[in-house]
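Take a look at the structure set out below.
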Number of protein chains: 2
Amino acid sequence: MDAERQTSETPGAHTGGQLPLYKEVKRLLTQSLAEGEWLPGVALPSETRLGERYRVSIGTLRKAIDELVAERILLRHQGRGTFVASHDARRTLFHFFHIVPAGGGKEQPETELLSFDRAKADADAAARLDIRQGAPVFRIRNLLRLAGKPVVLDVITLPAARFPKLSEKVFRERDTTIYQLYQERYGINVVRSAERLSAALADRTSAKLLGIPAGSPLLRIKRTALTYHNVPVELRESLVNTAEHEYFSDLGKT
Amino acid sequence: MDAERQTSETPGAHTGGQLPLYKEVKRLLTQSLAEGEWLPGVALPSETRLGERYRVSIGTLRKAIDELVAERILLRHQGRGTFVASHDARRTLFHFFHIVPAGGGKEQPETELLSFDRAKADADAAARLDIRQGAPVFRIRNLLRLAGKPVVLDVITLPAARFPKLSEKVFRERDTTIYQLYQERYGINVVRSAERLSAALADRTSAKLLGIPAGSPLLRIKRTALTYHNVPVELRESLVNTAEHEYFSDLGKT
DNA sequence: TAGTGGTCTAGACCACGTG
DNA sequence: ACGTGGTCTAGACCACTAC
């Protein structure tokens with residue numbers, strides 16, 4: 001792999017360091033991804049070539065890629081190549097939008113921008129975004145409709161430092177998903193999210209926007225979206241009217 | 001692997017069938033697990049021995065086990081062996097109990113049995129448990145306390161056919177987790193769960209049990225618990241007071 | 001010391017997608 | 001026909017655990 005590791009002459013004896021070689025390769029691959037060497041949607045060099053680049057056997061290289069594929073950071077297509085996962089509408093829907101009709105199936109939400117503001121990070125947001133308290137953030141509120149009916153109210157918090165020159169205009173005129181916007185305009189690829197759920201009652205404002213009586217029960221979702229190396233890039237608090245929809249969670253799924 | 005597959009003499013040419021060899025090995029391993037050949041907590045034969053048993057190379061055998069480990073059905077311990085995942089209190093807490101204090105940390109819940117009844121499966125339960133409508137089921141209601149305070153109200157539905165001679169006494173006298181009970185008494189090992197969440201309002205009964213005002217918002221969790229081969233074995237509907245707790249969901253976590 | 005899983009390598013062949 | 005990922009094998013050595 002590197003000079004220190006290459007001292008041994010016998011094959012299969014490369015465990016000199018404490019970190020397995022394939023983990024190191026994975027780290028280097030992730031780093032290249034984070035630096036934008038391979039952009040979302042494009043194919044990586046072939047496994048043979050990557051093996052040569054990192055001076056590891058193809059088996060070791062594959063093991064590194066295996067893990068990135070398991071984390072849905074890379075996608076393999078037999079006969080075509082290995083690709084950087086890209087935020088098309090389908091991926092966002094399947095991996096980051098967990099609201100489904102109670103009956104089953106899955107539909108693409110339509111988004112309506114309600115407001116766009118600048119603000120300062122409070123203590124909680126700062127901690128979760130790993131920025132300092134009081135740092136400038138953008139606050140975006142959206143209303144999401146499913147089958148034409150309002151179902152979700154989103155409040156998004158973005159660290160302004162990572163999204164230079166973001167404006168209401170950009171948000172209003174986009175015709176892509178929000179994660180596609182981050183990706184295309186800022187090179188930020190959201191690869192994972194962690195969510196905490198609770199129940200709440202609709203206040204007057206939320207109720208009116210969602211077209212339900214005040215005091216109706218709502219599902220509250222607090223999400224942290226992460227990019228490569230588990231760096232947080234977005235906070236989102238969603239209020240969901242679960243009268244006709246549900247949040248679907250299936251861990252351990254193969 | 002089998003006669004048909006062994007016709008080829010050259011190594012590395014075993015892809016005669018449509019299913020990869022390691023998938024077939026995985027299926028056979030899962031089958032042995034489901035049949036109780038290796039019980040929860042015990043070590044499987046060594047990889048070398050299993051490779052001989054299924055007449056595959058150790059690499060292929062390991063790839064089959066890799067997937068079962070990723071699904072948390074097996075556990076590997078370097079130097080000790082590969083073990084069947086077992087429902088001790090810790091595993092249940094970490095992999096099947098997603099309620100955490102809003103502040104963080106994780107605590108073991110105490111369970112109080114509220115009622116134990118026989119009933120007939122309605123259409124929905126029958127469909128989810130893959131049994132016929134009207135088939136006999138057990139219905140168990142539990143109150144779960146965290147740090148001494150009531151937080152969760154559980155209604156469990158079990159297909160009676162899979163749990164012969166289950167009685168209130170058994171449930172009342174257990175000093176283990178419920179999934180340990182299934183495991184030890186019925187040889188049923190819950191390995192995965194799928195959950196659907198929504199928000200609801202506390203009715204009078206629930207409110208009284210949880211010590212909150214009627215009309216308080218509650219998180220409703222509908223869980224299907226599955227054993228090997230994704231066979232459903234338990235339904236559970238939980239009502240959670242999320243005033244001081246949250247449901248934690250982290251898909252895609254490595 | 002012996003046995004187990006963990007890592008790494010090298011090479012052959014198969015299946016798929018593209019031209 | 002060619003290049004890509006997918007499967008399978010065989011063997012060497014390392015790291016950990018138990019005795």
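What you see is a predicted model; the values in this text were computed from it and never measured. A, B, ... follow the sequence lines: proteins, then strands. Residue 1 opens every chain.
- Within 4.0 Å (heavy atoms only), B:Thr48 reaches no atom of the nucleic acid at all.
- Summarising the geometry, the separation between CD1 on A:Ile58 and C1' on C:dA10 is reported as 10 Å, rounded to the nearest angstrom.
- The distance from atom CG of A:Leu50 to atom P of D:dG3 is 17 Å, rounded to the nearest whole Å.
- In the set D:dT9, D:dT4, C:dC8, D:dT9 carries the atom at the smallest distance from any side-chain atom of B:Thr60.
- Remark: B:Ser46 is not in phosphate contact with C:dG3, judged by side-chain N or O atoms under 4.0 Å from OP1 or OP2.
- A salt bridge between B:Arg192 and B:Glu71 is absent, with no side-chain N of the basic residue lying under 4.0 Å from a carboxylate O of the acidic one.
- Judged by the 6.0 Å distance and 45° axis criteria, B:Lys106 is not positioned over the aromatic ring of B:Phe97.
- Ring pair B:Phe138/B:Phe163: centre-to-centre distance not below 6.0 Å.
- In this structure, A:Ser57 does not reach the C:dC8 phosphate: none of its side-chain N or O atoms is under 4.0 Å from OP1 or OP2.
- One can place CZ of B:Arg80 at 22 Å from P of C:dA2, the figure rounded to the nearest angstrom.
- Regarding contacts with the backbone of C:dT4, every side-chain N or O of B:Arg76 stays at 4.0 angstrom or more from both OP1 and OP2.
- A salt bridge is defined here as a Lys NZ or Arg NE, NH1 or NH2 lying under 4.0 Å from an Asp or Glu carboxylate O, and A:Glu24 with A:Arg27 meets this definition.
- Atom NZ of B:Lys63 is separated from atom P of C:dT7 by 15 Å (rounded to the nearest Å).
- In the set C:dT9, D:dC8, C:dT7, D:dC8 carries the atom at the smallest distance from any side-chain atom of B:Pro20.
- Distances shorter than 4.0 Å separate some side-chain N or O of A:Arg49 from OP1 or OP2 on D:dT4.
- Only one option out of B:Thr157, B:Ile221, B:Ile178 pairs with B:Arg236 in a side-chain contact (heavy atoms from CB on, under 4.5 Å); it is B:Ile178.
- Atom P of nucleotide D:dA15 and atom CG of A:Leu21 are separated by 13 Å, given to the nearest angstrom.
- The interatomic distance linking B:Gln78 (CD) with C:dG6 (P) rounds to 6 Å, in whole Å.
- The interatomic distance linking B:Arg62 (CZ) with D:dG11 (C1') rounds to 14 Å, in whole Å.
- One interatomic measurement links the two molecules: CD of A:Glu24 to P of C:dC8, which rounds to 10 Å at whole-angstrom precision.
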